[in-house]
Amino acid sequence: MAGETGTGTLTDALPEIVADARIIKEFEGVYRRTCDIKRQKSGTGLTWTEFALNQLTGQDITESTENRNYQTLSGTLLSIEPTMSQIIIKITDRTYRKIASVVTSKFGGLAGNAMARKQDEDYLALFSGFATGCSPGTGTPLSYGHIASAENRIVSNVTEPSNTEVYTVLHGFQMFDILIELRAGIGTYTIQGGMTEEVFKKGFKGTIANSNVFVDGNITVDATPDANGATHSREGVVCVESMDLKRETDRDMYYGGGADVISLVAEYAFQERQSGTTQVWAWRHLSDATAPTSG
């Protein structure tokens, strides 16, 4: 055949090589920076327990008082039973032989990310059960005042005040409404601070009304669209971990000419810590979470 030769004429002879690979980006999660992490020791049964002693009451007496008004010691038991979660992958030997090594090298990190996201999502799932006294409600933008109110109700609670750090965890679309509100008071453009790794990777956005604010993109946005954020003190949410992330491998020689089975298992639980049966340290922020279109 007469004519010039280019890549288009030898398409079937060109090899396809995966030069690089990457893992789809996801949010790191914030629960390790916002929760009261407790470790359940081995050999201590199914549940982790904590006993909270109720307050006693003093009274006035005189020099001649014979006080028989004995104060009763009482309290409330908090019991949390960690449960297991797992991710398991089976990969045939033939797959390993055929696919690019730059892809196989990402498998471990991909599974680890899935387990970390699962744990963060379990933490965020608590928010819908928090008290609703500081929520603007469905379709309504979140404001500075809702966070300030929640923080004040936590540190000044008449049932039992909290003296640990207070955190606010929001979806980015909720946070955008806060930024728009704050910007209205200072002009057209916000004054930005340093662009640090803490802000962009870990989601820390600063402090509002003495509450450290984090953005967590693992918060679910529903069809309305709304999202559940929350403000709580560190001691308001307990995370009990009873086992470090455990990685195990196995072989299945009967499947596909041989395959590796990779498993990751964790055991943990999240629970709101209340004062008796009263919600005091955790407040829900149900609000609008419409994707921003302009500032």
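Residue numbers run from 1 in the order of the sequence given.
Salt bridge Asp260/Lys90: absent, no basic N to carboxylate O contact under 4.0 Å. Salt-bridge annotation for Arg32 and Glu241: present, with a side-chain N of the basic residue lying under 4.0 Å from a carboxylate O of the acidic one.
How far OH of Tyr268 is from CE of Met84: 11.5 Å, rounded to the nearest 0.5 Å. Note that the OG1 atom of Thr290 and the CG atom of Asp177 stand 7.5 Å from one another [nearest 0.5 Å]. For the atom pair NZ of Lys118 and CG of Asn218, the computed distance is 12.0 Å after rounding to the nearest 0.5 Å. Once rounded to the nearest 0.5 Å, the distance linking CG of Asp60 with OG1 of Thr65 reads 9.0 Å. To the nearest 0.5 Å, atom NE2 of residue His232 and atom SG of residue Cys35 are 5.0 Å apart. For the atom pair Trp281 CH2 and Thr159 OG1, the distance stands at 10.5 Å (nearest 0.5 Å).
For the pair Phe107 and Ile262, the minimum side-chain heavy-atom distance is 4.5 Å or more. No side-chain heavy atom of Asn113 sits under 4.5 Å from any side-chain heavy atom of Lys106. The shortest distance between side-chain heavy atoms of Glu121 and Asp216 does not fall below 4.5 Å. No side-chain heavy atom of Gln119 sits under 4.5 Å from any side-chain heavy atom of Ser85.
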For residues 221-229, which side-chain donor-acceptor pairs fall under 3.5 Å, sequence neighbours excluded?
| unit_1 | atom_1 | unit_2 | atom_2 | d |
| --- | --- | --- | --- | --- |
| Asp222 | OD1 | Thr224 | N | 3.0 |
| Asp222 | OD1 | Thr224 | OG1 | 3.3 |
| Asp222 | OD1 | Asp226 | N | 2.6 |
| Asp226 | OD1 | Gly139 | N | 2.9 |
| Asp226 | OD2 | Thr138 | OG1 | 2.3 |
| Asn228 | OD1 | Arg284 | NE | 2.6 |
| Asn228 | OD1 | Arg284 | NH2 | 3.3 |

Can you give each donor-acceptor pair under 3.5 Å made by side-chain atoms of residues 49-59, sequence neighbours left out, with the distance rounded to 0.1 Å?
| unit_1 | atom_1 | unit_2 | atom_2 | d |
| --- | --- | --- | --- | --- |
| Glu50 | OE1 | Arg273 | NE | 3.0 |
| Glu50 | OE2 | Arg273 | NH2 | 2.9 |
| Asn54 | ND2 | Ser74 | OG | 2.8 |
| Gln59 | OE1 | Asn69 | ND2 | 2.6 |

Indicate every side-chain donor-acceptor pair of residues 141-154 with a distance under 3.5 Å to a residue at least two apart or in another chain.
| unit_1 | atom_1 | unit_2 | atom_2 | d |
| --- | --- | --- | --- | --- |
| Ser143 | OG | Gly145 | N | 3.4 |
| Ser143 | OG | His146 | ND1 | 2.9 |
| His146 | ND1 | Ser143 | N | 3.2 |
| Ser149 | OG | Gly145 | O | 2.8 |

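Across every non-hydrogen atom of His285 and Leu170, the tightest pair is CD2-CD2, 4.3 Å. Val18 and Val102 make their closest contact through O-CG2, 3.6 Å (heavy atoms, listed as atom of the first residue, atom of the second, distance). Looking at every heavy atom in both residues, Ile89 comes nearest to Ala111 through CD1-CB, 4.0 Å. Taking each heavy atom of Gln271 and Ser79 in turn, the nearest pair found is OE1-O, 3.7 Å. The two atoms that bring Ser242 and Gln40 nearest to each other are CB-OE1, 3.2 Å, heavy atoms only.
The backbone N or O of Gly129 sits less than 3.5 Å from a side-chain atom of Gln279, completing a donor-acceptor pair. Arg94 places no side-chain N or O within donor-acceptor distance of the main-chain N or O of Gly258, the cut-off being under 3.5 Å. Although no hydrogens or angles enter the test, the distance criterion places no donor-acceptor pair under 3.5 Å between the side chain of Ser275 and the main chain of Thr278.
Here Asp20 pairs with nothing under the salt bridge (charged side-chain N to carboxylate O under 4.0 Å, His left out) rule; sequence neighbours left out. Annotation: ring pair (Phe, Tyr, Trp, His ring centres under 6.0 Å) contacts of His171 (sequence neighbours excluded): Phe173. For Phe27, the ring pair (Phe, Tyr, Trp, His ring centres under 6.0 Å) criterion is met by no residue, not counting sequence neighbours. Under the salt bridge (charged side-chain N to carboxylate O under 4.0 Å, His left out) criterion, Glu160 pairs with no residue, sequence neighbours left out. Phe127 is linked by a ring pair (Phe, Tyr, Trp, His ring centres under 6.0 Å) to Tyr123, Phe130, counting only residues two or more places apart in sequence or in another chain. Under the salt bridge (charged side-chain N to carboxylate O under 4.0 Å, His left out) criterion, Arg68 pairs with Glu66, not counting sequence neighbours. For Glu16, the salt bridge (charged side-chain N to carboxylate O under 4.0 Å, His left out) test picks out no residue, with sequence neighbours left out.
Heavy atoms of other residues, nucleotides or ligands lying less than 6.0 angstrom from CZ of Arg251 number more than 12. Surrounding OH of Tyr96 are more than 12 heavy atoms belonging to other residues, nucleotides or ligands, all under 6.0 Å away.
Through direct or indirect side-chain contacts shorter than 4.5 Å among Ile, Leu, Val, Met, Phe, Trp and Tyr, Leu78 is connected to Trp48, Ile80, Val238, Val240. Clustering of Ile, Leu, Val, Met, Phe, Trp and Tyr side chains at separations under 4.5 Å places Leu264 together with Ile87, Met115, Leu245.
Cluster annotation: Leu126 and Trp283 are assigned to distinct hydrophobic clusters (Ile/Leu/Val/Met/Phe/Trp/Tyr, side-chain heavy-atom contacts under 4.5 Å, transitive). Linking ILVMFWY residues whenever their side-chain heavy atoms come closer than 4.5 Å, directly or via other members, places Leu179 and Ile208 in the same cluster.
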Worked check of side chain to side chain contact (heavy atoms under 4.5 Å, CB included) between Thr132 and Leu286: CA-CA 8 Å; Thr132 58; Leu286 171 64; over 6 Å; no
Residue pair Asn163, Glu235: steps toward the side chain to side chain contact (heavy atoms under 4.5 Å, CB included) verdict: CA-CA 9 Å; Asn163 57 7; Glu235 60 190 346; 3.8 Å; yes
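In this structure, Phe270 and Tyr31 have perpendicular ring planes: the angle between them is above 60°, well past the 30° mark.
Counted by atom type alone, Thr140 and Asp288 present zero donor-acceptor pairs between their side chains at under 3.5 Å. A donor atom on one side chain and an acceptor atom on the other are found under 3.5 Å apart for Ser211 and Thr168.
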